[in-house]
Amino acid sequence: GRAASLIYDPKHYLATNPDLSEAFGTDLDALFLHWVNNGMDEGRQGSAAFDAKLYLSLNDDLKAAFGATGYKQAMDHFGSKGIEENRRSSYIFEYDTYLTGNTDVKDAYSSSRVDVYSHWLKNGISEGRKATAGFDPKHYLEVNSDLGTAFGTDYSKATEHYLRQGLNEGRTASRQYSSQEYLDENADLSGAFGSDHRQTLEHWLKFGKDEGRQATRVDPNFDVSVYKFMNPDLDAAFGNDTTAIENHYYDYGIKEGRS
């Protein structure tokens, strides 16, 4: 179905798997065969929108049903049910955050979840649009000067770099989340994960955010309920959507001098 285009993108598959780039070059037919015959079973990420390993990690019911390596079944589930159930499938895309932060997309595409994902893949990434609290491509290039020098404002390359190596290196990619600071602020996690930044991010997505754990030292005194009370326009715009209100603070409020 239409969701298949969200799971496999040859450009992304090449860019995030250097071994395949060396093996297949620009032979897209051979690359696709590798994806079908090997990549799926290995749990490789074929698209920025879907990571089978993460999908199983964040959804305990699916992991119990399909097993820890049931990657193909995870893909099938995402395409047939997961999208409509609003299950998280990517480190760098979260459906509600993308719509809340991009009203033009919400107005044009919100009747179709697949269309929202497609817009992000085809336009949002290259335009540097933020789609999750943990990854902001513009901020990623700002705070990692070597990447800013290398990529300029090429947000597609920045996104590929983050998924290929930046995440594993623990590079800071947003104002709301820093892997190293999350570990520093939570000693129990530092002991459990060491320097495994991928597992650390998974913990924040699955547990830490809801537990209210500190994930950055940008503003340890920030309180979403106080921010909402002090800014009635946000209450009118977002209601009780605390994630949207928090996103507003980090994306706009700091610059606007709001408290």
Side-chain angles (χ1 to χ4, degrees), residues 3 6-7 9 12 45 47-60 62 74-75 77-79 81-140 155-156 158-160 162-163 166-167 172-179 182 197-213 215-216 224 237-252:
L6 308 181
I7 292 174
D9 169 21
H12 178 87
Q45 189 175 356
S47 159
F50 184 79
D51 184 316
K53 291 180 179 178
L54 177 69
Y55 194 60
L56 291 174
S57 176
L58 295 182
N59 294 283
D60 292 332
L62 304 185
M75 289 176 202
H77 182 277
F78 175 67
K81 297 178 182 177
I83 294 177
E84 296 305 319
E85 293 173 357
N86 201 25
R87 297 201 186 221
R88 178 96 182 225
S89 62
S90 168
Y91 287 104
I92 60 172
F93 181 85
E94 198 272 318
Y95 182 86
D96 293 329
T97 298
Y98 191 57
L99 282 190
T100 302
N102 297 280
T103 53
D104 57 328
V105 178
K106 185 175 183 178
D107 292 341
Y109 301 109
S110 61
S111 61
S112 167
R113 287 182 176 272
V114 173
D115 285 346
V116 172
Y117 274 86
S118 296
H119 179 276
W120 176 65
L121 290 171
K122 293 174 183 175
N123 305 101
I125 291 176
S126 61
E127 293 169 3
R129 297 191 188 223
K130 181 181 173 185
T132 182
F135 180 75
D136 179 347
K138 293 178 180 178
H139 188 73
Y140 189 55
Y155 303 119
S156 295
T159 300
E160 290 165 356
Y162 179 72
L163 291 175
L167 169 55
T172 297
S174 87
R175 290 182 178 87
Q176 289 159 270
Y177 176 82
S178 163
S179 182
Y182 189 53
H197 297 291
R198 191 172 292 265
Q199 265 198 315
T200 302
L201 177 55
E202 286 179 19
H203 182 279
W204 184 62
L205 294 176
K206 191 173 182 180
F207 304 110
K209 288 175 72 177
D210 291 337
E211 292 172 1
R213 291 195 183 227
T216 174
V224 69
F238 303 126
N240 294 319
D241 189 342
T242 55
T243 298
I245 295 170
E246 181 182 335
N247 286 340
H248 183 280
Y249 173 71
Y250 285 103
D251 291 343
Y252 305 104

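Residue indices begin at 1 and follow the sequence shown. All values below come from the heavy atoms of this structure, side chains included, with hydrogens, waters and symmetry mates left out.
Atom CD1 of I7 is separated from atom CD of Q45 by 11.5 Å, given to the nearest 0.5 angstrom. Distance check, rounded to the nearest 0.5 Å: CD1 of I83 to NE2 of H77 gives 11.0 Å. Expressed to the nearest 0.5 Å, how far CD1 of I92 lies from CD1 of I125 amounts to 5.5 Å. For the atom pair CZ of F78 and CZ of F50, the computed distance is 6.5 Å after rounding to the nearest 0.5 Å. One finds the CG atom of D107 at 11.5 Å from the OH atom of Y109 (value rounded to the nearest 0.5 Å). Note: R198 CZ to L167 CG = 4.5 Å, rounded to the nearest 0.5 Å.
Contact annotation: the side chain of D136 approaches that of R175 to within less than 4.5 Å [non-hydrogen atoms, C-beta and beyond]. Here the side chains of D96 and D241 are not in contact, with every heavy-atom distance at 4.5 Å or above. T159 has its side chain within reach of F135: a pair of non-hydrogen atoms, C-beta onward, lies under 4.5 Å apart. Looking at heavy atoms from C-beta onward, D9 lies out of side-chain contact with L121 at the 4.5 angstrom threshold. At least one side-chain heavy atom of N86 sits less than 4.5 Å from a side-chain heavy atom of R113. The shortest side-chain heavy-atom distance between L62 and R87 falls under the 4.5 Å cut-off. Looking only at side-chain heavy atoms (C-beta outward), T216 and Y177 stay at 4.5 Å or farther from each other.
Between F93 and Y95, the ring planes are perpendicular. Angles over 60° get that label, and only those under 30° would be called parallel. Using the six-membered ring where Trp is involved, H119 and Y98 have ring planes that are tilted, between 30° and 60° apart.
More than 12 heavy atoms of other residues, nucleotides or ligands shown are found within 6.0 angstrom of CG on D60. In Y91, the OH atom is crowded: over 12 heavy atoms of neighbouring residues, nucleotides or ligands sit closer than 6.0 Å.
Legend: side-chain hydrogen bond (donor to acceptor under 3.5 Å, both in side chains) pairs involving residues 121-132, not counting sequence neighbours, sorted by first then second residue: R88-T132, N102-R129, D104-R129, E127-R129, K130-Q176, K130-D251.
In this structure, the side chain of S57 does not engage the main chain of K53 through any donor-acceptor pair within 3.5 Å.
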Output, in order, the C-alpha distance, side-chain angles, deciding distance and verdict of side-chain contact (heavy atoms from CB on, under 4.5 Å) for H12 and L163. CA-CA 10 Å; H12 178 87; L163 291 175; 3.5 Å; yes
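Minimum heavy-atom separation, Y117 to S89: OH-OG, 3.9 Å. Heavy atoms only, all atoms of each residue included: A131 and W120 are closest at CB-NE1, 3.6 Å. The two residues A3 and G79 make their nearest non-hydrogen contact at CB-CA, 3.8 Å. For the residue pair A49 and S90, the shortest heavy atom distance occurs at O-CB, 3.6 Å. Here the shortest heavy-atom pairing between Y162 and A173 reads CE1-CB, 3.8 Å. The minimum heavy-atom distance linking H139 with T172 is given by the pair NE2-CG2, 4.4 Å.
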